[in-house]
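Inspection log for the structure reproduced underneath, given as structure tokens.
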Amino acid sequence: QLQLVESGGGLEQPGGSLRLSCAASGFTSDYYHIGWFRQAPGKEREGVSCISSDSSGGSTNYADSVKGRFTISRDNAKNTVYLQMNSLKPEDIANYYCAAYYGIFRRCVLTPNQYKYWGQGTQVTVSS
């Protein structure tokens with residue numbers, strides 16, 4: 001059974017860093033794109049970053065709002081995807097979710113309704 005479990009959220013000061021983890025089970029990186037999304041209270045869920053399946057070349061994609069600050073990566077041995085978040089801002093406050101969908105020979109996208117499998121989320125708060 002395909003499952004995603006996020007961890008690593010918490011409270012951090014503006015300018016600080018957090019690393020989120022998404023542990024996957026029931027599937028491999030060979031065929032599944034993994035994405036990170038976030039949803040703040042009263043706002044729609046938005047795509048943050050994604051990493052394509054290995055069969056698609058493992059390319060990455062970022063929302064403009066996080067380019068240069070966030071980095072997505074994958075450890076295949078642990079079947080885990082990470083989101084390193086640096087230079088955190090108050091506008092990064094949200095519940096962060098990882099998600100997956102089957103994809104080969106094409107780059108991942110940041111469209112939420114493309115993703116079939118979702119984790120439960122982890123809260124990120126940025127405050128001094």
Side-chain angles (χ1 to χ4, degrees):
Q1 185 172 349
L2 199 150
Q3 204 168 20
L4 300 165
V5 179
E6 303 95 334
S7 62
L11 172 64
E12 184 56 68
Q13 294 184 343
S17 298
L18 283 173
R19 189 178 77 159
L20 305 183
S21 300
C22 173
S25 59
F27 65 100
T28 72
S29 60
D30 289 344
Y31 306 114
Y32 282 84
H33 302 317
I34 304 290
W36 282 99
F37 296 81
R38 64 187 181 187
Q39 188 166 19
K43 294 188 176 181
E44 291 187 355
R45 189 168 295 188
E46 65 168 339
V48 175
S49 180
C50 65
I51 186 165
S52 300
S53 63
D54 287 343
S55 63
S56 300
S59 60
T60 58
N61 199 3
Y62 295 92
D64 288 343
S65 58
V66 305
K67 278 181 183 176
R69 299 190 300 123
F70 291 9
T71 302
I72 192 170
S73 62
R74 180 167 56 212
D75 184 336
N76 288 342
K78 296 181 179 179
N79 216 14
T80 299
V81 172
Y82 301 99
L83 184 69
Q84 178 67 44
M85 305 187 297
N86 298 329
S87 302
L88 284 165
K89 304 176 181 179
E91 49 263 45
D92 294 320
I93 295 173
N95 205 7
Y96 283 72
Y97 301 87
C98 67
Y101 72 100
Y102 182 86
I104 58 173
F105 308 128
R106 58 182 63 183
R107 193 177 181 184
C108 63
V109 296
L110 291 175
T111 310
N113 61 14
Q114 189 71 38
Y115 289 74
K116 183 176 181 180
Y117 305 98
W118 290 83
Q120 294 301 306
T122 184
Q123 179 67 37
V124 171
T125 302
V126 183
S127 176
S128 54

Under the 3.5 angstrom rule, does the side chain of [X] hit a backbone N or O of [Y] as a donor-acceptor pair?
| X | Y | result |
| --- | --- | --- |
| S49 | N61 | yes |
| Y82 | T71 | no |
| S56 | R106 | yes |
| R107 | G58 | no |
| N95 | T122 | yes |

Practice prompt. With side-chain contact (heavy atoms from CB on, under 4.5 Å) as the test, would you mind laying out the steps for L20 and E6 before giving the verdict?
Written response: CA-CA 7 Å; L20 305 183; E6 303 95 334; over 6 Å; no
Discussion item. Please check if the number of heavy atoms outside Q120 that lie under 6.0 Å from its CD is greater than 12.
Written reply: no
Worksheet item: Hey, mind stepping through V66 and R38 against side-chain contact (heavy atoms from CB on, under 4.5 Å) and telling me if it holds?
Response: CA-CA 12 Å; V66 305; R38 64 187 181 187; 4.1 Å; yes
Discussion item. Going by side-chain contact (heavy atoms from CB on, under 4.5 Å), T80 matches just one of C22, S21, C98, S73. Which one?
Written reply: S21
Worksheet item: Any side-chain heavy-atom pair from K89 and R69 closer than 4.5 angstrom?
Response: yes
Practice prompt. Measure the shortest side-chain to side-chain distance between P112 and F37 over non-hydrogen atoms and say whether it is less than 4.5 angstrom.
Written response: yes
Verify same cluster id: [X], [Y] (apolar side-chain graph, 4.5 Å):
| X | Y | answer |
| --- | --- | --- |
| F105 | F27 | yes |
| L110 | Y32 | no |
| V109 | V81 | no |
| I51 | Y102 | yes |
| Y97 | V5 | no |

Worksheet item: Would you call the rings of Y101 and H33 parallel, tilted or perpendicular if under 30° counts as parallel and over 60° as perpendicular?
Response: perpendicular
Could you state the interatomic distance from [atom1] ([X]) to [atom2] ([Y]), rounded to the nearest 0.5 Å?
| X | Y | atom1 | atom2 | result |
| --- | --- | --- | --- | --- |
| I34 | N79 | CD1 | CG | 8.0 Å |
| N76 | D30 | CG | CG | 7.5 Å |
| L18 | Q84 | CG | CD | 8.5 Å |
| Q39 | Q123 | CD | CD | 11.0 Å |
| I104 | D54 | CD1 | CG | 12.5 Å |

Shortest non-hydrogen separation from [X] to [Y] and the atoms involved:
| X | Y | result |
| --- | --- | --- |
| P14 | S127 | CD-C, 3.6 Å |
| V124 | D92 | CG1-O, 4.3 Å |
| Y115 | W118 | O-NE1, 3.2 Å |

Worksheet item: Is there a donor in the side chain of S53 and an acceptor in the side chain of S55, or the other way round, less than 3.5 Å apart?
Response: yes
Practice prompt. Determine, step by step, whether S17 and N86 satisfy the side-chain contact (heavy atoms from CB on, under 4.5 Å) criterion, reporting the C-alpha distance in whole Å, the side-chain angles of both residues, the deciding distance to 0.1 Å, and the verdict.
Written response: CA-CA 4 Å; S17 298; N86 298 329; 2.8 Å; yes
Practice prompt. Might you work through the side-chain contact (heavy atoms from CB on, under 4.5 Å) test for L88 and F70, ending with a clear yes or no?
Written response: CA-CA 9 Å; L88 284 165; F70 291 9; 4.1 Å; yes
Item to complete: Could you name each residue pair satisfying disulfide (SG to SG under 2.5 Å) that touches residues 33-67, not counting sequence neighbours?
Response: C50-C108
